[in-house]
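A note on names: the letters A, B, ... follow the listed sequences, proteins ahead of strands, and every chain is numbered from 1.
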There are 2 protein chains.
Amino acid sequence: MLKKANSDLVRRQNRGLVLETLRQHGPLARITLGYQTGLSPASITSISGQLIDEGLVYSIIEDEEVSTQAKRGRPQTRLALNPQATNVLAISISVDGVELVFADFSGATREPIKLRLDTYATPKEDFGPRVAHEIKANAKRLGIALTSIKRIGVAVQGVADTISGEIPWSPAFCARDIPVVRPLERILSIPCSIGNNANMIAEALIATDRKKYGGTTAVVFLGHGVGLGLILNGVVFHGANGRAAELGHMNHIPDGPLCRCGRHGCLEAFSADYGIMRMANDRRGTDFDVHAAVRDDDMRKLELAAEAGDTVATNAFNRAGEVLGFGIARLIALINPQRVVLAGPGTRAYDLLKDSVGEALRRGLVHDLRKNVEFEVVPFGKDMIATGTLVETLRHLDRDVYATGQKGTVVEFSGRKIA
Amino acid sequence: MLKKANSDLVRRQNRGLVLETLRQHGPLARITLGYQTGLSPASITSISGQLIDEGLVYSIIEDEEVSTQAKRGRPQTRLALNPQATNVLAISISVDGVELVFADFSGATREPIKLRLDTYATPKEDFGPRVAHEIKANAKRLGIALTSIKRIGVAVQGVADTISGEIPWSPAFCARDIPVVRPLERILSIPCSIGNNANMIAEALIATDRKKYGGTTAVVFLGHGVGLGLILNGVVFHGANGRAAELGHMNHIPDGPLCRCGRHGCLEAFSADYGIMRMANDRRGTDFDVHAAVRDDDMRKLELAAEAGDTVATNAFNRAGEVLGFGIARLIALINPQRVVLAGPGTRAYDLLKDSVGEALRRGLVHDLRKNVEFEVVPFGKDMIATGTLVETLRHLDRDVYATGQKGTVVEFSGRKIA
DNA sequence: CAACATTTTTTTGGACGCTAAAATAAATCA
DNA sequence: TGATTTATTTTAGCGTCCAAAAAAATGTTG
């Protein structure tokens, strides 16, 4: 159903558009901004004037030389997002621990901060408060006023319920249903949201190349588990309870090997690191502890063995690839994506999986659908998760907070121009 | 990315909103329309005045008695969509043949027309032209001017490529890649679009009850095959090539029984009528012709046998239910819908499938996800497909054609008021 | 170096669509 | 008949966009 439209909507949408364009394409002259957004120069002058008055944007005073070689005409004055307008925070929760990344309104990040906080040992109702405490301490240390932080985004390895703001299950915790958003918001009085790793990587990819990833893309995350981020019509999809895209726990074979989730035959039970390790050890029974984290150097040893031609190791990777391939085939049958991206640390061993993935796709998917999908393996940078979280968080500010231009959102700011 | 907004957008959106509201809630007084849309009475007067001038809407002259019991105050004059503004056409293509349903702008339909046209025997390049010819003939017979038909929607049993407008594969044809949209548009000069049955049923459900189905719903269609319509965030999802939701050809078991599509182990090969029949006949080998249509009375016999306790028949239905259950479990893991709807003629035997579907869901899906999904079997009316097609077609007119209020779209119309 | 050319930005004046408030219309009530 | 009530229309004004004109700021040229 459509929604009522009025001049309020027009203002919000165009202000949001200007902010997003500046965020994506860096400092831009008004004339360029007009060209990019489709708005007239007059409108750009008006909108940017307001944004400058509110301290969200400033006009750059160019260094003499910096500007491109001298041209005729009035020189451009470029506009940029004002870094001082706001701060935001990305929190990443994984088996490796909890990490904080502070960033300013322009998206510039501070050094990531690894918290000394044992997620396993912490009682679940203490988790939120402790993180909140660490945030306060670290913000103070960095000279960031807590009130200047306008939004927090949390990325979790595992299942994230975007509606309730809890973590129903994650390999980083023993307990279930860890409350995160609620306690952070309560203690810090800062709006907060939560999502899973794979979705954040999807966000980061869209930000990198909207043309390539902005349509319908499935981002398969290989790591300690198998995750999925779905980009549908250019937007990350969350599902009814914000818990879509559980590729890792999509069943592969009824009554297959035990999975960490307690079911049998999930994709992850074959294709995650522990599934591969179990197959290599040929121990499918109860004496293999699925909950134990697989050590990275053990995994590396196994990869080297497979590369050296070891049959047992090779078979384990082949099987993992086959199951992954069938999972992707099922995914393609349901979603018909134009692109499937493989990401995450698990792609390191993708050469060992590749052939069996391809073979499974051939067996499990009609040619018509297969031929229209582009596959891609993206090198995994650990920072992608924080980047994606920040992208999502800042977009929320651009669209839903600062785009409104309400009184409450005006940022205190000294002058109209800063260098 | 956001889009530029201006008064053009406001006009389009609000005009569309008024049309959609009138379409959904029947004749409405201006005051009620204002309440429903959120627009002010002044705006409603202005917008409805234009729509009336353009002949899209008319104000009803109430019969004396009809109006509710006498109230004080100026009586309401209700507005309604003008049936004469436009005609549209829904075409349904299935193994049962081709059917036409003409409707006017208010959505009132004429009697469905079954074409005498053998889809199997018709060469694929003749199909479009023949249907076009039949449309001309039947429109003439019904006294509907061809130029009054502003849009055609086609629903297909099988795969529909919404982008190319062709039918890559359908049980109704021997050939593949049947062109449909292109020839119809060329011959009739009427905009045309195509989609699959399950999506049309999804559209019909949304129109019936937006609150119930408008969020994230998976509509599983059981019939000669197994189809799927995905409603994501209130909108039917089409995928990159308009070919999403191939639940029937989502692999269940690698190297399983032969499917009509030529692969092995597709869900449909177990759970469609021919899959069930094959299992009952216990002939999994090549001597069972998967391409032969299963006769409805044979299917009915099998159902009766199962209901009477026949083991072979019961086992066949159990197995079909189990596989369907695992398919739905995988679907839920990927999409996290709030509701799964089972529809189609195959639901007639749902009592025979129910238990094994439930059991498979228990085995194949983590409890967390399962508990949040509501299941529902909707009684299947054959008209749902035409209804859904018309809903989609008329919405397109409401939003994208008549909402613009361009000169070209003004409908010739005699007076401002008709009885 | 002054007049001209060029390009960017701002200002101006008007259009469009929405809305609150006032006016009008059309009925019932007393 | 006049008061009351409710629905609709008109009026006056507001916010936003935009085309065109004006202004600003620089380079070019004779």
Side-chain angles (χ1 to χ4, degrees), chain A residues 2-18 27-53 57 59-62 64 67-79 403-406 416-417, chain B residues 2-18 27-53 57 59-62 64-79 403-406 416-417:
Chain A
L2 295 171
K3 284 230 164 90
K4 182 178 89 165
N6 53 23
S7 64
D8 223 64
L9 174 86
V10 172
R11 175 170 36 77
R12 269 211 314 279
Q13 200 149 313
N14 288 339
R15 280 174 56 114
L17 179 58
V18 168
L28 246 40
R30 287 175 178 77
I31 187 92
T32 323
L33 205 46
Y35 181 76
Q36 289 272 350
T37 58
L39 293 166
S40 70
S43 302
I44 294 292
T45 291
S46 157
I47 292 173
S48 61
Q50 290 171 44
L51 293 175
I52 289 170
D53 288 344
V57 165
S59 65
I60 295 176
I61 295 172
E62 310 276 2
E64 318 289 316
S67 62
T68 51
Q69 56 270 48
K71 284 184 311 184
R72 298 180 82 164
R74 178 174 175 171
Q76 306 184 338
T77 57
R78 295 187 303 158
L79 303 176
T404 59
Q406 302 291 325
R416 252 180 96 99
K417 293 200 176 191
Chain B
L2 293 173
K3 285 230 164 88
K4 180 177 89 164
N6 53 23
S7 64
D8 224 64
L9 174 86
V10 173
R11 174 169 37 75
R12 270 210 313 279
Q13 200 148 313
N14 288 339
R15 280 173 56 112
L17 178 59
V18 168
L28 246 39
R30 288 174 177 78
I31 188 95
T32 324
L33 206 44
Y35 182 75
Q36 289 273 347
T37 58
L39 292 165
S40 71
S43 302
I44 294 292
T45 291
S46 157
I47 292 172
S48 62
Q50 290 171 44
L51 294 174
I52 289 171
D53 288 346
V57 164
S59 65
I60 296 176
I61 296 173
E62 310 275 4
E64 318 290 315
E65 306 305 313
V66 155
S67 61
T68 52
Q69 54 271 48
K71 286 183 308 183
R72 299 181 80 164
R74 178 173 174 172
Q76 305 183 338
T77 57
R78 294 187 304 158
L79 304 176
T404 58
Q406 302 290 327
R416 254 180 95 99
K417 292 202 178 190

Check: Has the side chain of B/Arg72 got a donor or acceptor that lies under 3.5 Å from a partner of the other kind on the base of D/dT4?
Finding: yes
Checklist line | First of A/Ala5 and A/Thr32 reached from the 5' end of DNA chain C, by closest nucleotide | finding: A/Thr32
Margin query: Can you measure A/Ile31 atom CD1 to D/dC18 atom P for me and round it to whole angstrom units?
Written below: 14 Å
Item checked: Contact list for DNA chain D against residues 34-47 of chain B - heavy-atom distance below 4.0 Å -> B/Pro41, B/Ala42, B/Thr45
Notebook entry, point to check: What are the two closest heavy atoms between A/Lys4 and B/Gln13, and how far apart are they?
Noted result: O-NE2, 4.4 Å
Check: Looking at B/Arg30, does any N or O in its side chain come under 4.0 Å of the phosphate oxygens OP1/OP2 on D/dT9?
Finding: yes
Item checked: Closest to the B/Arg11 side chain, choosing from C/dG17, D/dT8, D/dA3 -> C/dG17
Note to self: Set out, in order, the CA-CA distance, both residues' side-chain angles and the distance that settles side-chain contact (heavy atoms from CB on, under 4.5 Å) for B/Thr32 and B/Gln76, then state yes or no.
What the structure shows: CA-CA 9 Å; B/Thr32 324; B/Gln76 305 183 338; 4.3 Å; yes
Next item on the list: Would you name the heavy atoms of A/Ile44 and A/Gly34 that are closest together and state the gap between them?
Entry: CG1-CA, 3.7 Å
Item checked: Bending between helix ends of the helix from C/dC1-D/dG30 to C/dA30-D/dT1 [5 pairs per end, 10° resolution] -> 30°
Note to self: Between A/Asn6 and D/dG15, is there a contact of a side-chain N or O with OP1 or OP2 at under 4.0 Å?
What the structure shows: no
Notebook entry, point to check: Is the distance from OP1 or OP2 of C/dT19 to the nearest side-chain N or O of A/Lys4 less than 4.0 Å?
Noted result: yes
Notebook entry, point to check: Which sits closer to the 5' end of DNA chain D, B/Gln76 or A/Ser7, going by the nucleotide each is nearest to?
Noted result: B/Gln76
Margin query: Using side-chain contact (heavy atoms from CB on, under 4.5 Å), reason through B/Leu79 and B/Ile52 one step at a time and then give a plain yes or no.
Written below: CA-CA 9 Å; B/Leu79 304 176; B/Ile52 289 171; 4.1 Å; yes
Check: Counting only N and O atoms by type, is there a donor-acceptor contact under 3.5 Å from the side chain of A/Asn14 to the main-chain atoms of A/Leu17?
Finding: no
Item checked: Between C1' of C/dT8 and CG of A/Leu33, the distance in whole Å -> 13 Å
Next item on the list: Rounded to the nearest angstrom, tell me the gap between atom CG in A/Leu79 and atom C1' in C/dT10.
Entry: 13 Å
Next item on the list: Round to a whole Å and report the spacing from CD of A/Gln13 to P of D/dC17.
Entry: 11 Å
Check: Under a 4.5 Å cut-off applied to non-hydrogen side-chain atoms, are A/Val18 and A/Leu39 in contact?
Finding: yes
Notebook entry, point to check: OP1 or OP2 of C/dT8 sitting under 4.0 Å from any side-chain N/O of A/Thr77?
Noted result: no
Item checked: Nearest-angstrom distance from the residue atom CG of A/Asp8 to P of C/dA20 -> 12 Å
Next item on the list: Starting from the C-alpha separation in whole Å, work towards a yes-or-no answer on side-chain contact (heavy atoms from CB on, under 4.5 Å) for A/Thr77 and A/Arg30.
Entry: CA-CA 7 Å; A/Thr77 57; A/Arg30 287 175 178 77; 3.1 Å; yes
Next item on the list: Taking all non-hydrogen atoms of both residues into account, name the closest pair between A/Ser48 and A/Thr45 and its distance.
Entry: OG-O, 3.3 Å
Please tabulate, one pair per line, each protein N/O and nucleotide N/O from nucleotides 24-26 of chain C that are separated by under 3.5 Å, including the distance.
from   : atom 1 : to      : atom 2 : distance (Å)
C/dA25 : O4'    : B/Arg74 : NH1    : 3.4
C/dA26 : N3     : B/Arg74 : N      : 3.2

Notebook entry, point to check: Roughly how many Å is it from CZ in A/Arg78 to P in C/dT9, rounded to a whole number?
Noted result: 11 Å
